[in-house]
Novice: 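I am attaching a structure below and will ask some questions about it afterwards.
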Number of protein chains: 2
Amino acid sequence: MSLAKFRLDYDDAMPPEDWTDRHVARWRDHWSGIAYDDEVEGIVTRIGRIARYLDRTVKDAAAASDLQESEYKTLHVLMIRDTPGSASPTELAEDLRISGAGMTGRLDALEKKGWIKRVSAIDDRRRVIIQITPKGTEIWRGAMGNRGTAEDELVSSLSARDRASLNRILKKLTVYIESLDT
Amino acid sequence: MSLAKFRLDYDDAMPPEDWTDRHVARWRDHWSGIAYDDEVEGIVTRIGRIARYLDRTVKDAAAASDLQESEYKTLHVLMIRDTPGSASPTELAEDLRISGAGMTGRLDALEKKGWIKRVSAIDDRRRVIIQITPKGTEIWRGAMGNRGTAEDELVSSLSARDRASLNRILKKLTVYIESLDT
DNA sequence: GACGAAAGATTAGCTAGCGAAGTACTTTTC
DNA sequence: GAAAAGTACTTCGCTAGCTAATCTTTCGTC
């Protein structure tokens with residue numbers, strides 16, 4: 001009980017100043033005529049900075065396995081689906097939010113390295129099925145390991161209680177966002 | 001008091017299922033041999049998705065003022081500094097995290113449109129000073145207005161209490177991240 | 001105070017990804 | 001059952017941004 005109380009106090013203490021605090025303080029005054037809210041700006045800016053950090057960790061994890069970020073991400077979306085390691089170029093392009101033309105380029109490179117292969121679908125010969133190879137699976141798994149570490153370390157700088165709160169509140173935001181696009 | 005209690009209950013209620021929940025459920029099993037934590041994955045994935053949504057709102061805000069995202073962002077970093085509307089190409093390139101060469105290209109385009117001008121520094125003639133023009137300021141302010149709206153709407157889907165908690169917890173993460181890079 | 005090193009910006013050549021057009025199939029429609 | 005419309009992927013030409021090289025000016029030091 002007193003432990004719980006201690007935890008509460010500990011969690012609720014405001015952390016020291018960060019880059020965003022300085023940014024907000026500097027910018028508060030320059031928005032004359034435009035609606036401005038410190039708290040909104042703080043949340044939005046911090047989410048942006050955290051996301052950028054996470055992107056960087058993905059890039060580093062890829063580099064540690066001698067992969068380009070785009071190569072890692074392509075293998076990744078190929079693996080994290082209902083049918084792991086198997087998908088059409090169109091599906092992958094949608095997941096990666098790149099064009100079909102861009103996808104062809106990426107797949108060409110991956111195929112040349114022997115990490116995926118193209119097989120044509122028997123039932124519909126317009127379609128191509130991308131299949132990850134054992135070599136591709138192995139290299140993806142390697143990068144995956146490095147990546148987890150950095151994410152775990154970031155999140156473990158929070159108490160269990162903060163982790164749960166954060167997840168809950170973030171989910172409110174994603175639920176809102178997902179309710180927007182029909 | 002009873003209102004406060006109600007709010008507490010309301011805030012703490014788990015929101016409905018989102019994309020990330022489905023993603024986590026689907027992927028929990030496929031990580032055999034790799035450390036995996038639902039909560040970490042949830043936080044990381046949600047932050048990524050929210051950041052992407054925010055990026056999209058910036059892009060839309062820019063488009064609504066007939067600006068390319070890169071044009072808006074360039075004007076933006078030029079405006080949000082200690083000396084608003086005035087900076088060197090190198091400083092801008094650092095803020096935008098693009099190369100010097102890329103910066104030259106962007107500035108060429110903005111100068112042609114009459115939104116910035118290059119003046120050379122009197123004290124150090126290697127340096128070029130980028131100055132925003134009144135026309136540039138006006139177009140930036142326009143895009144700025146649209147942008148705030150979407151961000152405000154997103155954040156206002158949270159209670160005041162959740163907003164404060166979120167900001168506090170995010171700040172712990174940014175403090176951690178900023179402690180990493182020396 | 002001269003000359004090599006450094007700094008700031010630009011130019012040159014390259015690459016990834018884009019949109020639009022093209023190719024090869026499949027489905028719909030009359 | 002053949003023409004028209006639609007779908008899946010690839011090719012083509014272009015653009016933005018990258019690295020490396022260059023040009024101009026300034027700084028440091030002997």
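Every chain is numbered from 1, with letters handed out A, B, ... down the list of sequences. The shown structure was predicted, so the numbers you read here are calculated from the model rather than taken from an experiment.
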Novice: Taking only the side-chain heavy atoms of A/S70 (C-beta and beyond), determine which of C/dA9, D/dT11, C/dG17 contains the nearest atom.
Specialist: C/dG17
Novice: What do the steps show when you test B/D60 against B/R147 for salt bridge (charged side-chain N to carboxylate O under 4.0 Å, His left out), and what is the final call?
Specialist: CA-CA 8 Å; B/D60 291 347; B/R147 178 183 167 185; over 6 Å; no
Novice: Measure CG/A/L67 against P/C/dA16 and give the value in whole Å, please.
Specialist: 15 Å
Novice: Of the nucleotides C/dT11, C/dA20, D/dC9, which has the atom closest to the B/A101 side chain?
Specialist: C/dT11
Novice: Once you apply a heavy-atom cut-off of 4.0 Å, does A/G100 come out as touching a base, just sugar-phosphate, or nothing?
Specialist: base
Novice: Got more than 12 heavy atoms from elsewhere within 6.0 Å of CD, B/Q131?
Specialist: yes
Novice: D/dC9 C1' sits how many Å from A/R106 CZ, rounded?
Specialist: 17 Å
Novice: How many whole angstroms separate atom NZ of B/K73 from atom C1' of D/dA16?
Specialist: 14 Å
Novice: Could you check whether the rings of A/Y53 and B/Y176 sit parallel, tilted or perpendicular, using 30° and 60° as the cut-offs?
Specialist: perpendicular
Novice: In terms of the nearest nucleotide of DNA chain C, which residue is placed more toward the 5' end: A/I122 or A/G105?
Specialist: A/G105
Novice: Within the side chain of B/D95, is there an N or O that forms a donor-acceptor pair under 3.5 Å with the backbone of B/L92?
Specialist: no
Novice: Let me know the distance between CG of A/L107 and P of D/dT10, rounded to the nearest Å.
Specialist: 7 Å
Novice: For the side chain of B/R118, starting at C-beta, report the closest nucleotide among D/dC18, C/dT10, D/dT25.
Specialist: C/dT10
Novice: Whole-Å distance between C/dA20 P and A/M103 CE?
Specialist: 21 Å
Novice: What is the distance, rounded to the nearest whole Å, between atom CD1 of B/I98 and atom C1' of C/dA16?
Specialist: 16 Å
Novice: Can you check the A/L92 CG to C/dG17 C1' distance for me, whole Å?
Specialist: 16 Å
Novice: For A/D124 and D/dG6, give me the distance from atom CG to atom P, rounded to whole Å.
Specialist: 17 Å
Novice: So if I take every side-chain heavy atom of B/Q68 and compare against D/dC9, C/dA24, D/dA16, which nucleotide ends up nearest?
Specialist: D/dA16
Novice: Determine whether any donor atom in the side chain of A/R126 lies under 3.5 Å from an acceptor atom in the base of C/dT26, or the reverse, and answer yes or no.
Specialist: no
Novice: Between D/dT25, C/dA9, D/dA8, which one does the side chain of B/T90 approach most closely?
Specialist: C/dA9
Novice: Got a sec: does the CD of A/E17 have more than 12 other heavy atoms crowding it under 6.0 Å?
Specialist: yes
